[in-house]
Asker: 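This is the structure I have questions about; it appears just below.
Any value given below was found using the heavy atoms of this structure, including those in side chains, with hydrogens, waters and symmetry copies removed. So that the names make sense, note that chain A is the first sequence line, chain B the second, and so on, each numbered from 1.
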Amino acid sequence: MNKILEGLNGPQKEAVVTTEGPVLILAGAGSGKTKALTHRIAYIIDQKLAMPWNILAITFTNKAAGEMRDRVDVLTGENGQDVWVSTFHSMCAKILRRNAEKLGFTSSFSIYDTDEQKTLIKQVVASLELDKKNYPEKSMLSVISSAKNAMQTPDLFEKENMGDYRMQKVSDIYRAYQEQLQKNNAMDFDDLLLKTVELFEYNEDVLSYYQDRFRYIHVDEYQDTNAVQFRLVSLLAKKHRNLCVVGDDDQSIYKFRGADIRNILDFEKTFPDTVVIKLEQNYRSTKNILSVANEVIRNNQGRKEKTLWTKNGEGPQVEFYEYESAYDEADGVIRDIIQNREKFPYGSCAVLYRTNAQSRIFEEKCVAYNVPYRMVGGVNFYQRKEIKDLISYLKTIENGRDDLAVLRIINVPRRGIGNVTLARLESIAAEAGMTLYDVIREEELLSGIGRAAGKIADFGRQLAGFREAAAGITVKDLLEKVLDETGYKAELIAEDTVESKARLENIEELISKAAEFGDEPDDQEALSRFLEEVALVADVDSLNSDEDRVVLMTLHAAKGLEFPKVYMAGMEEGLFPGRMAAFSGEDEIEEERRLCYVGMTRAKEFLALTAAHSRMINGETTFPKTSRFVNEIPSNMLRKKIRTAAAKSMKQAAYKDVDSINGSYRPKARILGTNASANYRVGKDFTTERADSLDYAVGDRVRHIKFGEGTVEKIEEGKKDFEVTVRFDRVGVKNLFASFAKLKKV
DNA sequence: CGCGAGGATATTTTT
DNA sequence: TATCCTCGCG
């Protein structure tokens, strides 16, 4: 028998060898769907059914794509190199770059992220002279995004909403927003998908090329596809009909983002000759965990019938803890982790919660108890100010029509170009129908601007210089040139604060990222590849499972991951399921229930659910009831523990408690008060190694690499790190982050 | 043009 | 409760 089929169970084998025609693989949590998918790809290559480049595998996240890539490589060796493993968005971006002209874009179009979308919306709302209070950019964006996900053009959208005054205005905004994107030679995330569909629908030859190119198509996490993605996949698969989708309707948790669960529920209707394969054997969790998860999810109507089972052992009972308050909850969970760290090291534990707001208190507890942790989510590396500034320089160089990028950097670093000047500049551009860049380069046009004209012209010359240089140097050198010649770097160095140092470190990280993009100075595509990566592959600080740290994240972020030990916090009505969901009906509740199921099935060996009797929500103390999801579990399947008043005065008690658990866990540096608000949100936040313990204390003499020797005056607990105040002999008092400062005791 | 005060606002967010 | 955003002042 074929080697590729070894070690697969029956249904998995079937999934692998059923290569022709539409295939729906219903893969329960932990049932080895990635394994099935990767082996299937290897099988197709091995059986010479197609060449590797005829195979496409689409995922949603870069992480999933990376994982699949690795596993395909392992299975197929050299052969697999040419298999297209990609996210929806980066696949589309690649196709669009090659065909941009057909849609009225150039191949160097920009990709706008949420921030840039908001900026654009703000501009549009202002230019239409609408009140931004009535048309807030956030909700405008979500309306536009759902319209796009439903494949509604502005015209269609307008028709659909006839007779609704406000919606007519919204459609004006939508239309103007699209015009602005086009004018800036830019697309947002939704456009990447939508424009690709458009490209295919209006260009038979292009579609035909890709149909022949992708003879075998695989889509992972199919339950999360939206209408556009469905359309895209259908178009691609239309000719050869070898479409294999993998998903689990029970894990569909992105409805709020336009995912349409019907895509998976109705797959068989859309493709009547579909072969359906169910992967129901779970290899991940214990029997106890699985039965609890099954008990919860069975309350959902309208799901594909399936029951996950496992050959794994019973394992310990699932636990349910009730705490007095949210503080007690966090305290209890973290202490529980500490107490059991022999059996479950930090790196094997995850704390999952419904909302990001809950993370804070767990973070505080980790810091207080000196438990190493990693928080997933929050501010993305590429969204930080300094990074976006630099990227905007690069975008300006790459895509001269990107006015938004020009606006962002025209006065960064300060060039004395203020709002008045900008307004004049923009009206000149509007009148002449030119891009900002072109106006800036046209000195005669600047005459009406007055004093600032010279400054703008200088800026223009600088940009032109960069653009000229870009053709002949690497991305890394270009970045460094920008940093030097604009004075951006110098300004940060001169600032010399904790914050500016963190920014400089981020910039260093960006530079080393840029260095990966070609060392050929005349590689003309390197910059474009870099910008695309930055726009679409934004997970620099992706989770590294080798680290011995407790992971804190939302339930959504946990999808696709697994941990030996999982705590699900905040199992309360109003929080999980959320108030909104409870309000808007059974459909929403079912989505929350799926989320609960996703969370539970992350656990391999141990699962604990926790709830608090009182919780602060939006500044109000609430007394929530236990979550219905907990009540859906038969009580004999749960070990209930009521833990009340564990930590009344948590701040002082914290250290005593740690001592009583294990003396060695007393933080070596004493923490003087919790000063959570005095934290810098800038910096590498959670990519930074929080100093687990400091080997110096107040009064000690320390040495800093730059400032020399000094005396520690104060050590404060920050949110992510210790903040250390040192009186240096030469340079005076400085406030430093321990992990950046790398102080050495003398 | 930058800062601080005060008001509005408050899920989840692969790209 | 905390954060984000806007407006007004220096």
Asker: Tell me whether A:N300 contacts the main-chain N or O of A:I297 through its side chain, where contact means a donor paired with an acceptor under 3.5 Å.
Answerer: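 It does not hold such a pair.
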Asker: Heavy-atom nearest nucleotide on DNA chain B for A:F189 versus A:E591: which residue maps closer to 5'?
Answerer: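 Nearer the 5' end of the strand: A:E591.
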Asker: For atom CZ of A:R529, is the number of surrounding heavy atoms from other residues, nucleotides or ligands below 6.0 Å larger than 12?
Answerer: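 Atom CZ in A:R529 is crowded, with more than 12 foreign heavy atoms closer than 6.0 Å.
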Asker: What interatomic distance, in whole Å, is found between C1' of B:dT11 and the corresponding atom of C:dT6?
Answerer: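 Those two atoms are separated by 25 Å.
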Asker: Expressed as a whole number of Å, how far does the C1' atom of C:dC5 sit from that of B:dT12?
Answerer: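 Straight-line distance between the two C1' atoms is 23 Å.
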Asker: Distance check, C1' atoms only: B:dT14 and C:dT3, in whole angstrom units.
Answerer: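 Approximately 25 Å lies between the C1' atom of B:dT14 and that of C:dT3.
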Asker: Below the 4.0 Å mark, does B:dT13 have OP1 or OP2 next to a side-chain nitrogen or oxygen of A:T554?
Answerer: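 Indeed, a polar side-chain atom of A:T554 lies that close.
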Asker: Kindly indicate, with the supporting measurements, whether the criterion side chain to side chain contact (heavy atoms under 4.5 Å, CB included) is fulfilled by A:M140 and A:V124.
Answerer: CA-CA 11 Å; A:M140 290 305 100; A:V124 163; over 6 Å; no
Asker: Parallel, tilted or perpendicular: which fits the ring planes of A:F362 and A:Y353, with parallel below 30° and perpendicular above 60°?
Answerer: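 Parallel, since the angle between the ring planes stays under 30°.
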Asker: If each of A:V420 and A:D190 is mapped to the nucleotide of DNA chain B with the nearest heavy atom, which maps nearer the 5' terminus, i.e. the 5' end?
Answerer: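 Nearer the 5' end of the strand: A:V420.
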Asker: Closest to the A:R354 side chain: C:dA2, B:dT12, B:dT15?
Answerer: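 The nucleotide sitting nearest to the side chain is B:dT12.
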Asker: Name the closest nucleotide to the A:E592 side chain, picking from B:dT11, B:dT15, C:dT6.
Answerer: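 Taking heavy atoms from C-beta onward, the closest nucleotide is B:dT11.
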Asker: From the options C:dT6, C:dA2, B:dT14, select the nucleotide whose nearest atom is closest to the side chain of A:K132.
Answerer: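 Per side-chain heavy atoms of A:K132, the pick is C:dT6.
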Asker: Determine, answering yes or no, if A:F256 is stacked on B:dT12 under the 5.5 Å centre rule and the 30° plane rule.
Answerer: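 Here A:F256 meets both the 5.5 Å and the 30° conditions.
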Asker: Is the phosphate of B:dT9 approached by A:N618 (side-chain N or O, under 4.0 Å from OP1 or OP2)?
Answerer: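 For A:N618, the contact criterion (side-chain N or O under 4.0 Å from OP1 or OP2 of B:dT9) is not met.
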Asker: Select one nucleotide: of B:dT15, B:dT12, B:dT11, the one nearest the side-chain heavy atoms of A:H556.
Answerer: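 Of B:dT15, B:dT12, B:dT11, B:dT12 is nearest to the side chain of A:H556.
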Asker: Does the B:dT15 base have a donor-acceptor partner in the side chain of A:R257 within less than 3.5 Å?
Answerer: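 Checked by distance alone, the answer is yes.
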Asker: It should be established whether A:R615 places a side-chain nitrogen or oxygen under 4.0 Å from OP1 or OP2 of nucleotide C:dT1.
Answerer: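 Indeed not, no polar side-chain atom of A:R615 lies that close.
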Asker: Go through C:dT6, B:dC1, B:dT12 for me and flag the one nearest to the A:T355 side chain.
Answerer: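 Of C:dT6, B:dC1, B:dT12, B:dT12 is nearest to the side chain of A:T355.
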Asker: Aromatic rings A:F109 and A:F105: how do their planes relate, parallel, tilted or perpendicular, breaks at 30° and 60°?
Answerer: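 Ring orientation of A:F109 relative to A:F105: perpendicular.
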Asker: Quick one: is B:dT13 close enough that its OP1 or OP2 comes under 4.0 Å of any side-chain N or O from A:N356?
Answerer: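 Checking B:dT13 against A:N356, a side-chain N or O does come within under 4.0 Å of OP1 or OP2.
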Asker: Of the candidate nucleotides C:dT6, B:dC1, C:dT1, which contains the atom at the shortest distance from the side chain of A:M616?
Answerer: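 The answer is C:dT1.
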